[in-house]
S.K.: 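After the structure tokens below, expect a handful of questions from me.
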Amino acid sequence: MDASSSSFLSAIQASKLLTGTVAMAIPKSAVTNTPSFLSRHPPPLIVSSVRIEEKTHNSITRPTTSRTSRPASSTTALPAATKSSTTRKYPANDRRVVEPNQPTMMFNVLEDVINNFIDPPLRPSVDPRYVLSDNFAPVDELPPTECEVIQGSLPSCLDGAYIRNGPNPQYLPRGPYHLFDGDGMLHSIRISQGKATLCSRYVKTYKYTLERDAGAPLLPNVFSGFNGLAASAARGALSAVRILAGQFNPANGIGLANTSLAYFGNRLYALGESDLPYAVRLTSNGDIETLGRHDFDGKLLMSMTAHPKTDLETGEAFAFRYGPVPPFLTYFHFDGNGNKQPDVPIFSMTRPSFLHDFGISSKYAIFADIQIGMNPMEMIFGGGSPVGSDPAKVPRLGIIPRYAKDESEMKWFDVPGFNVIHAINAWDEEDAIVMLAPNILSVEHTLERMDLIHALVEKVRIDLKTGIVTRNPVSARNLDFGVINPAYLGKKNRFVYAAIGDPMPKISGVVKLDVSKGERQECTVASRIYGPRCYGGEPFFVAREPENPEAEEDDGYVVSYVHDEMAGESRFLVIDARSPDLDIVAAVKLPRRVPYGFHGLFVKESDLKNL
């Protein structure tokens, strides 16, 4: 599950915020250690937009502690429409301050009217003072900066880069803002010979580049911008006028690339499911460059999941896209060279559903048609999000052969009450398929009250001959963002490493599960709690000997960024995955805080050199 008003930025020490003529009126009390999504009545809100800027840094340097934010200010030419392929490199640090031109200023005035009078951020889930409080607040870009190893030593197998994606709005929100609405920022820690270098860069998407050059936000927020009939009509009309005025072209993509990363076909991609992938690379000094939006020679249309599955043995990647119009689900894959294969439209999915992730085994792909989907009636009459839950719907799992040419062999199985946002793994057993995934209880809170969510990891077995579905919980704890040794994708695995929600979206620690235990047993075999007011993110497993086929499944390390909210400091932790208490074997003090985010990936040095 997969990230600003002026006062919550006061949580960032040594920060300064220079606003324009209109600013958010937010008391210091709005920035506390209280969970971001509690229902309390905020003070009156007046919104505008402010540009988040950084001071110029030299490459490979110690960071300065100052931060500047300047009012959006002069127009440079908007980027021309470009072919959706990896053809253009964007300099890593190409920030500039511009003033909006007159049409942009006029449209911004209209948007302020909508934000303040038609659709103000009344709910905590879309109120930037809550959504972007504490370490959810955005940060500036950071050039490659040396880090200090303050505990232990970095294992030699960590030769490469751990990169994590997450939302980081370029501008302070002008109105309603959901956690999922921020521009994608990559936080990379490159490790070589026991030394670490941190770099944070925006993914230079079409949206980011367009708004940076315009000096103001132009595109509406998808998750928070359409609440109720009046707001949807007003924002829709304003967006149409902006398009007619040539301010942006939706054909070039409106995605944020803020969710995850994937490596296949000798390319590294930043992903968000509302758009095509963006190819990125790391330079020799650890900087991050965006190469461009990639459509695989025109074969990939519109969008792709942020959770493709890469088979390390074959090099193949399996993926899908979903949308609000038929076919609501389309399955496809890429060969070992990264070439996209033909689409397989799934017309047996008869209504739009929120398909964030899926499972893959050696024989099948498995999709979850859950109780979250498009909810236009709630948007029109209830003033809610266009995406919502349907309690009357019965969730089901759809299974299709891994290399299907069409949907003729697609089979659906009802699994009442099983709502999957993230899949952990899937594997084949004789005439059955097994899936490991957290089941989201109280699914109606998924987008509005994440702090009320409880994710119960379950093992689900589907007998493909009899159609019998059996389910067993493997832990009673609130766990999500479960990962495995990547070499076991699509194979029967024993161990899972999962994040502890305390509550979501904050993560207080990591657990190790042994899912080979018998039915109805608590499968937790080890855990690590980060400490008071210390929160991390999705863990990621890195094998100690990835080329050794005889290595034990859990022989490796779990890595994650962790932030101490009391000290205002972030660290990169390396945890021994085999130790009984998940011992910390190395801790790297980061030169500045890393905001909470979504999904990450470790890319070994040999693969980085091939990018």
S.K.: Ignoring hydrogens and geometry, is there a side-chain-to-backbone donor-acceptor pair from Asn493 to Phe495 under 3.5 Å?
M.R.: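 Judged by distance alone, yes, a pair lies under 3.5 Å.
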S.K.: Determine the minimum heavy-atom distance between Ala368 and Leu355, stating which atoms define it.
M.R.: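 Scanning both residues, the minimum pair turns out to be O-CD2, 3.2 Å.
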S.K.: Could you tell me if Lys506 sits above the aromatic ring of Tyr535, with its cationic atom closer than 6.0 Å to the ring centre and no more than 45 degrees from the axis?
M.R.: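 Yes - Lys506 lies over the ring of Tyr535, closer than 6.0 Å to its centre and within 45° of its axis.
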S.K.: Does Asn168 reach the main-chain N or O of Val139 with its side chain, forming a donor-acceptor pair under 3.5 Å?
M.R.: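 A pair under 3.5 Å: yes.
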S.K.: Minimum heavy-atom separation for Pro503 and Asp451, please, with both atom names.
M.R.: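 What the structure gives for the nearest pair is CB-O, 3.3 Å.
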S.K.: Can you tell me if His454 uses its side chain to pair, donor with acceptor, with the backbone of Ala476 under 3.5 Å?
M.R.: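 Side chain of His454 to backbone of Ala476, a donor-acceptor pair under 3.5 Å: yes, one is there.
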S.K.: Please report the closest heavy-atom contact between His307 and Asp357, naming both atoms and the distance.
M.R.: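 Closest approach of His307 to Asp357: CB-OD1, 3.2 Å.
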S.K.: Does Arg477 have any salt bridge (Lys or Arg N to Asp or Glu O under 4.0 Å) partners at least two apart in sequence or in another chain, and if so, which?
M.R.: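 If we apply the salt bridge (Lys or Arg N to Asp or Glu O under 4.0 Å) test to Arg477, skipping adjacent residues, there are no hits.
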S.K.: State plainly whether the residues Lys491 and Glu553 are in salt-bridge range, i.e. N to O under 4.0 Å.
M.R.: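 The answer is no: the pair does not qualify as a salt bridge.
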S.K.: So, does Asn135 use its side chain to make a donor-acceptor pair with the main chain of Val594 at under 3.5 Å?
M.R.: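 Pair found, side chain donor or acceptor close to backbone of Val594.
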S.K.: Look at atom NZ of Lys492 and say whether more than 12 heavy atoms of other residues, nucleotides or ligands are closer to it than 6.0 Å.
M.R.: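 Counting neighbours around NZ of Lys492, 12 or fewer heavy atoms of other residues, nucleotides or ligands fall under 6.0 Å, so no.
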S.K.: Would you check if Arg528 and Asp583 make a side-chain contact, meaning some heavy-atom pair closer than 4.5 Å?
M.R.: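 When only atoms from C-beta onward are counted, Asp583 and Arg528 do touch, with a gap below 4.5 Å.
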S.K.: Can you name the residues that form a salt bridge (Lys or Arg N to Asp or Glu O under 4.0 Å) with Asp576, not counting sequence neighbours?
M.R.: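 Salt bridge (Lys or Arg N to Asp or Glu O under 4.0 Å) list for Asp576, sorted by chain: empty.
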S.K.: Walk me through whether Leu312 and Leu489 qualify under side chain to side chain contact (heavy atoms under 4.5 Å, CB included).
M.R.: CA-CA 8 Å; Leu312 296 185; Leu489 176 75; over 6 Å; no
S.K.: May I ask you to test the Val457-Cys523 pair for a side-chain heavy-atom distance under 4.5 Å?
M.R.: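 A side-chain contact under 4.5 Å is absent here.
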S.K.: What's the separation between atom CG in Leu268 and atom CG in Leu601, rounded to the nearest 0.5 Å?
M.R.: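 Reported to 0.5 Å precision, the distance equals 6.5 Å.
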S.K.: Distance from Glu545 atom CD to Glu550 atom CD, nearest 0.5 Å?
M.R.: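 Output value for this atom pair is 10.5 Å.
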S.K.: For the atom pair NE2 (His294) and CE (Met304), what is the distance rounded to the nearest 0.5 Å?
M.R.: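 The CE atom of Met304 is 10.0 Å from NE2 of His294, to the nearest 0.5 Å.
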S.K.: Go through Asp564 and Cys534 one step at a time and tell me if the side chain to side chain contact (heavy atoms under 4.5 Å, CB included) criterion holds.
M.R.: CA-CA 4 Å; Asp564 184 334; Cys534 291; 3.7 Å; yes
S.K.: In sequence, state the C-alpha distance, the side-chain angles, and the governing distance for Leu256 and Lys207, and then conclude on side chain to side chain contact (heavy atoms under 4.5 Å, CB included).
M.R.: CA-CA 7 Å; Leu256 303 162; Lys207 175 185 180 295; 3.5 Å; yes
S.K.: Using every non-hydrogen atom in the two residues, find where Cys147 and Pro591 come nearest and quote the distance to one decimal.
M.R.: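 Cys147 and Pro591 have their closest heavy atoms at SG-CD, 3.6 Å.
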S.K.: Is the number of heavy atoms from other residues, nucleotides or ligands within 6.0 Å of NZ (Lys589) greater than 12?
M.R.: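 Result for NZ/Lys589: open.
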S.K.: What I want to find out is whether Glu289 reaches Arg281 closely enough, with some N-O distance under 4.0 Å, to be called a salt bridge.
M.R.: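 Yes, Glu289 and Arg281 are salt-bridged.
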S.K.: Any carboxylate oxygen within less than 4.0 angstrom of a Lys/Arg side-chain nitrogen, looking at Asp554 and Lys512?
M.R.: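 Yes, charged N to carboxylate O under 4.0 Å.
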S.K.: Taking atom OG of Ser192 and atom CG of Leu158, what is their separation to the nearest 0.5 Å?
M.R.: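 Reported value, rounded in 0.5 Å steps: 11.5 Å.
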S.K.: Have Asp183 and Gln170 got a donor and an acceptor in their side chains that come within less than 3.5 Å?
M.R.: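 The criterion, which ignores hydrogens and geometry beyond distance, is not satisfied for Gln170 and Asp183.
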S.K.: Quiz question: by atom type and distance under 3.5 Å, do the side chains of Ser579 and Asp581 form a donor-acceptor pair?
M.R.: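 Result is no, nothing qualifies.
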S.K.: Tell me yes or no: between the side chains of Glu146 and Thr197, is some donor less than 3.5 Å from an acceptor?
M.R.: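 There is no such pair between these side chains.
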S.K.: Which heavy atom of Phe418 sits nearest a heavy atom of Ala437, and at what distance?
M.R.: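 That closest heavy-atom pairing would be CZ-CB, 4.2 Å.
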S.K.: Give the minimum heavy-atom separation between Phe541 and Pro486, together with the two atoms involved.
M.R.: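 Nearest pair, atom of Phe541 first, then Pro486: O-CD, 3.8 Å.
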S.K.: Please, which pairs that meet salt bridge (Lys or Arg N to Asp or Glu O under 4.0 Å) have at least one residue in residues 188-198, sequence neighbours excluded?
M.R.: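 Counting only pairs at least two positions apart or across chains, the salt bridge (Lys or Arg N to Asp or Glu O under 4.0 Å) contacts touching residues 188-198 are Arg190-Glu605.
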S.K.: Are any of the side-chain heavy atoms of Arg402 and Lys363 separated by less than 4.5 Å?
M.R.: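 No, their side chains stay 4.5 Å or more apart.
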S.K.: Show, in sequence, the C-alpha distance, side-chain angles and deciding distance for Phe296 and Tyr269, and conclude whether the ring pair (Phe, Tyr, Trp, His ring centres under 6.0 Å) test is met.
M.R.: CA-CA 12 Å; Phe296 298 86; Tyr269 299 102; 5.5 Å; yes
S.K.: Give a yes or no answer on whether the side chain of His563 reaches the backbone of Glu569 with a donor-acceptor pair at less than 3.5 Å.
M.R.: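 Side chain of His563 to backbone of Glu569: a pair is present.
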S.K.: Would you say Tyr488 and Trp427 make side-chain contact, with heavy atoms under 4.5 Å?
M.R.: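 Tyr488 does not reach Trp427 side chain to side chain.
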S.K.: Start with the C-alpha gap between Thr205 and Asp275, add the side-chain angles, then the distance that decides, and say whether side chain to side chain contact (heavy atoms under 4.5 Å, CB included) holds.
M.R.: CA-CA 10 Å; Thr205 62; Asp275 203 348; 5.9 Å; no
S.K.: Could you tell me if the side chain of Arg544 sits less than 4.5 Å from the side chain of Tyr557, heavy atoms only?
M.R.: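 Of all side-chain heavy-atom pairs linking Arg544 with Tyr557, at least one is under 4.5 Å.
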S.K.: Tyr162: what forms a ring-ring contact (aromatic ring centres under 6.0 Å, His included) with it, not counting sequence neighbours?
M.R.: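 With sequence neighbours excluded, Tyr162 shows a ring-ring contact (aromatic ring centres under 6.0 Å, His included) to Tyr561, Phe572, given in chain and number order.
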S.K.: If you round to the nearest 0.5 Å, how far is CZ of Arg321 from CG of Leu276?
M.R.: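 If we round to the nearest 0.5 Å, Leu276:CG and Arg321:CZ are 9.5 Å apart.
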S.K.: Any sub-3.5 Å donor-acceptor pair from Asn266's side-chain atoms to Leu611's backbone N or O?
M.R.: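 The answer is no, because no donor-acceptor pair under 3.5 Å joins these two groups.
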S.K.: Is there a ring pair (Phe, Tyr, Trp, His ring centres under 6.0 Å) between His599 and Phe481 once you walk through the steps?
M.R.: CA-CA 8 Å; His599 305 283; Phe481 297 102; 5.3 Å; yes
S.K.: Is it the case that the side chain of Glu522 and the backbone of Thr524 share a donor-acceptor pair, with hydrogens and angles ignored and the cut-off at 3.5 Å?
M.R.: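 Yes; at least one donor-acceptor contact below 3.5 Å.
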S.K.: Does any part of the side chain of Pro277, heavy atoms only, come nearer than 4.5 Å to the side chain of Arg293, both counted from C-beta?
M.R.: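 The answer is no, as the side chains (C-beta and beyond) never meet within the 4.5 Å cut-off.
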S.K.: Looking at Tyr278, Tyr208, Tyr171, which hits ring-ring contact (aromatic ring centres under 6.0 Å, His included) with Tyr202?
M.R.: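 So the option named by the test is Tyr208.
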S.K.: Just by modelled atom types, is the Ile500 backbone N or O under 3.5 Å from a matching donor or acceptor in the Asp480 side chain?
M.R.: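 No: the side chain of Asp480 does not pair with the backbone of Ile500.
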S.K.: Please check: side-chain N/O of Arg164 versus main-chain N/O of Gly537, any donor-acceptor pairing under 3.5 Å?
M.R.: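 No; zero donor-acceptor contacts below 3.5 Å.
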S.K.: Rounded to the nearest 0.5 Å, what separates atom CG in Asn485 from atom CG in Asn425?
M.R.: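 Reported to 0.5 Å precision, the distance equals 10.0 Å.
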S.K.: Could you tell me which residues satisfy salt bridge (Lys or Arg N to Asp or Glu O under 4.0 Å) with Asp428, sequence neighbours excluded, listed by chain and number?
M.R.: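 With sequence neighbours excluded, Asp428 shows a salt bridge (Lys or Arg N to Asp or Glu O under 4.0 Å) to no residue whatsoever.
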S.K.: With a 4.5 Å heavy-atom cut-off, do Leu271 and Pro308 have their side chains touching?
M.R.: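 In short, these two side chains touch, coming nearer than 4.5 Å.
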S.K.: Quick check: does any side chain N or O of Asn610 sit under 3.5 Å from a backbone N or O of Ser606, one acting as donor and the other as acceptor?
M.R.: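 The answer is yes, because a donor-acceptor pair under 3.5 Å joins these two groups.
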S.K.: Check side chain to side chain contact (heavy atoms under 4.5 Å, CB included) between Arg461 and all other residues, then give those that pass, not counting sequence neighbours.
M.R.: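 Here the qualifying residues are Glu429, Ala432, Val434, Asp463, Thr470.
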S.K.: Would a 4.5 Å heavy-atom cut-off, applied to side chains only, mark Ser188 and Ile288 as touching?
M.R.: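 They are in side-chain contact.
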